[in-house]
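Here's the structure we're looking at; comments come further down.
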Amino acid sequence: MVIEKHLEKTEESLIMLDNSLPQASVDRFLYGLKLHSWDEAAIMAFTVKIRNSHSYALMENTRLNKWKLTFNDEYATDHNTYFSTAESAMNRMRSTLKGITDAVMKFCYRSNKQLPIDVDSPVVFERTPLLKGPYSKDMFGTDLYGKTVMMLYEELVSYLNTAEDNVTICLEVIERENYLRQHVEEVNNLHDKCFEETLMHNRSIIKRFKESNANLDNDIMKAIEDAEDAQQMIADLFHVLNVEEWNDYVICKAVYDANKVGLDKKEMFLWGKERTEQVMRVRTLLLHLSDLKDMKIEKHEGMVGGEFLLRLFEWCHIKDKKYYSILLEYLTDKILSAPDCRFTGVVKIGAVKAEKKKLISIENDEITRRQNSFNAAIDAFVAKY
């Protein structure tokens, strides 16, 4: 008798398991049990084996849940360099798959006469009585069996539930990946988010290349720029690039963009080339800030104050507080290096945070009104230049 127990690492195999595992029942279990002559010692030994398999499946469940949370939030991945997502997913639950195989083989047919006649080499997962194969319902149910048999059944059901959950997680990851590939705008947003994160982690390298006036060629960057539909190309490359290729692409593109639009590394980090117009407006304001007379800028004489800076952060369209320190460094450098600067210094980030705390006691509508008034005044001032 030839029963094929090899499981191809494909999405189709995962779907087959997802359909098969829920079909395990007490009647199927009892039918498979009667195909074999097990004594109590054998049943207890197999119960321990299933219990051990379950412990490994639970560990894989924890890892799969963590993987599920991050895999489709990363534009590039090393996991798809050599494997499909389905194969990568199934590699992450090797113990689960082995445990399933052991269980279904244990309850499988013992002779050729018991095999379904419609196939020469049945796949064990689809032909075992425990899951999808033909079986006969036990007339007396579990009444004739002792505690040892029921303990095995409970352990097996508990294990198969975890195995089913692991398979479901893998299919959810694949489904989400397929969904993203078909939704260009979402993939492009993900690309931009990951680009900014990678940019932040490679600032020193980008600065070194930019200052050396390096002319960096990159096939990926060129392919996107030359594509008839750049956004579609970005969607097509989702989970195709590995991490090394992605990092090289980000660094090369950041240097190229910085040289092209003349932004320095802090400007690229804070705004990116897509917001070059805003950078130009910020530059204009800071260059002429000493001429701005109709607004309270200084906390103390000569010192740019925290209240002004807090509102300026909003006007600059930098709302994420994790960027405040870098933005303050940038503003300080530009303000104090401007020709004919009348300011002697800029307050520390602590003063800005202190001003933010004061807003807690103020109604949101009032905060918005003050900010809108500030924005209008700054916009009018910048427009003069």
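Start at 1 with the first residue, then count along the sequence.
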Exercise for review: Indicate whether any N or O donor in one side chain lies under 3.5 Å from an N or O acceptor in the other, for Asp379 and Asn375.
Suggested key: no
Donor-acceptor pair, [X] side chain versus [Y] backbone, under 3.5 Å?
X: Gln23; Y: Asn19; result: yes
X: Asn166; Y: Glu60; result: no
X: Asp18; Y: Leu14; result: no
X: Asp78; Y: Val243; result: yes
X: Ser158; Y: Glu155; result: no
X: Gln231; Y: Glu185; result: no
X: Arg311; Y: Phe374; result: no
X: Asn218; Y: Lys253; result: no
X: Thr77; Y: Glu74; result: no
X: Thr198; Y: Asn247; result: no

Check your understanding: Under 6.0 Å between ring centres, would you say that holds for Trp246 and His239?
Key ->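 Between His239 and Trp246, which both carry aromatic rings, the centre distance is not below 6.0 Å.
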Check your understanding: For the ring pair Tyr31 and Phe107, is the centre-to-centre distance below 6.0 Å?
Key ->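 Distance test on ring centres: not under 6.0 Å, no.
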Check [X] against [Y] and note the closest heavy-atom contact, atom names and distance.
X: Glu355; Y: Glu307; value: CG-N, 3.3 Å
X: Glu40; Y: Thr148; value: OE2-OG1, 3.0 Å
X: Lys9; Y: Met90; value: CA-SD, 3.4 Å
X: Ile378; Y: Leu285; value: CG2-CD2, 3.9 Å
X: Gly305; Y: Val347; value: C-CG2, 3.8 Å
X: Asn91; Y: Arg94; value: O-NH1, 3.1 Å

Does [X] [atom1] have over 12 foreign heavy atoms under 6.0 Å away?
X: Asp340; atom1: CG; result: no
X: Asp219; atom1: CG; result: no
X: Phe343; atom1: CZ; result: yes
X: Glu186; atom1: CD; result: yes
X: Glu175; atom1: CD; result: no
X: Met151; atom1: CE; result: no
X: Lys266; atom1: NZ; result: yes
X: Lys293; atom1: NZ; result: yes

Not counting sequence neighbours, which residues clear ring pair (Phe, Tyr, Trp, His ring centres under 6.0 Å) with [X]? List them please.
X: Tyr330; value: Trp271
X: Phe46; value: Trp38
X: His288; value: Tyr385

Any link between [X] and [Y] through a network of hydrophobic side chains (Ile, Leu, Val, Met, Phe, Trp, Tyr) touching at under 4.5 Å?
X: Leu292; Y: Val304; answer: yes
X: Leu156; Y: Val26; answer: yes
X: Ile318; Y: Ile326; answer: yes
X: Val173; Y: Met59; answer: no
X: Leu287; Y: Met280; answer: no

Find the distance between [atom1] ([X]) and [atom2] ([Y]) and round it off to the nearest 0.5 Å.
X: Lys222; Y: Cys252; atom1: NZ; atom2: SG; result: 14.0 Å
X: Lys66; Y: Ile169; atom1: NZ; atom2: CD1; result: 12.5 Å
X: Leu270; Y: Gln278; atom1: CG; atom2: CD; result: 11.0 Å
X: Thr10; Y: Ile15; atom1: OG1; atom2: CD1; result: 8.0 Å
X: Ile251; Y: Leu199; atom1: CD1; atom2: CG; result: 9.5 Å
X: Leu327; Y: Glu267; atom1: CG; atom2: CD; result: 11.0 Å

Indicate the ring-plane relationship of [X] and [Y], choosing parallel, tilted or perpendicular according to the 30° and 60° boundaries.
X: Phe313; Y: Tyr324; answer: tilted
X: Phe29; Y: Tyr153; answer: tilted
X: Phe195; Y: Tyr249; answer: perpendicular
X: Tyr159; Y: His54; answer: perpendicular

Practice item. Evaluate the criterion side-chain contact (heavy atoms from CB on, under 4.5 Å) for residue pair Asp73 and Leu69; output intermediate values, then yes/no. Key: CA-CA 7 Å; Asp73 285 338; Leu69 293 175; 5.9 Å; no
Point to revise | CA sep, side-chain torsions, deciding dist, call: Val167, Leu21, side-chain contact (heavy atoms from CB on, under 4.5 Å) | key: CA-CA 9 Å; Val167 171; Leu21 291 174; 4.2 Å; yes
Could you tell me whether [X] and [Y] make a salt bridge, using a distance below 4.0 angstrom between a side-chain N and a carboxylate O?
X: Asp291; Y: Lys384; result: no
X: Arg51; Y: Glu154; result: no
X: Asp102; Y: Lys98; result: yes
X: Glu277; Y: Arg281; result: no

Review point. So Leu64 and Met93, side-chain contact (heavy atoms from CB on, under 4.5 Å) or not? Walk me through it.
Key: CA-CA 8 Å; Leu64 284 168; Met93 57 171 190; 4.2 Å; yes
Practice item. List the steps, then state whether side-chain hydrogen bond (donor to acceptor under 3.5 Å, both in side chains) holds for Asp165 with Asn161. Key: CA-CA 6 Å; Asp165 189 40; Asn161 285 340; over 6 Å; no
Exercise for review: Go through the steps for Asn188 and Phe238 under the test side-chain contact (heavy atoms from CB on, under 4.5 Å), then give the verdict.
Suggested key: CA-CA 9 Å; Asn188 276 261; Phe238 173 57; over 6 Å; no
Exercise for review: Check whether NZ of the Lys or CZ of the Arg Arg203 lies under 6.0 Å from the centre of the six-membered ring of Phe269 and within 45 degrees of that ring's axis.
Suggested key: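 Relative to the ring axis of Phe269, which defines the angle, Arg203 lies inside both limits.
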Point to revise | side-chain hydrogen bond (donor to acceptor under 3.5 Å, both in side chains) evaluation trace for Gln182 with Asn178 | key: CA-CA 7 Å; Gln182 296 169 20; Asn178 291 337; over 6 Å; no
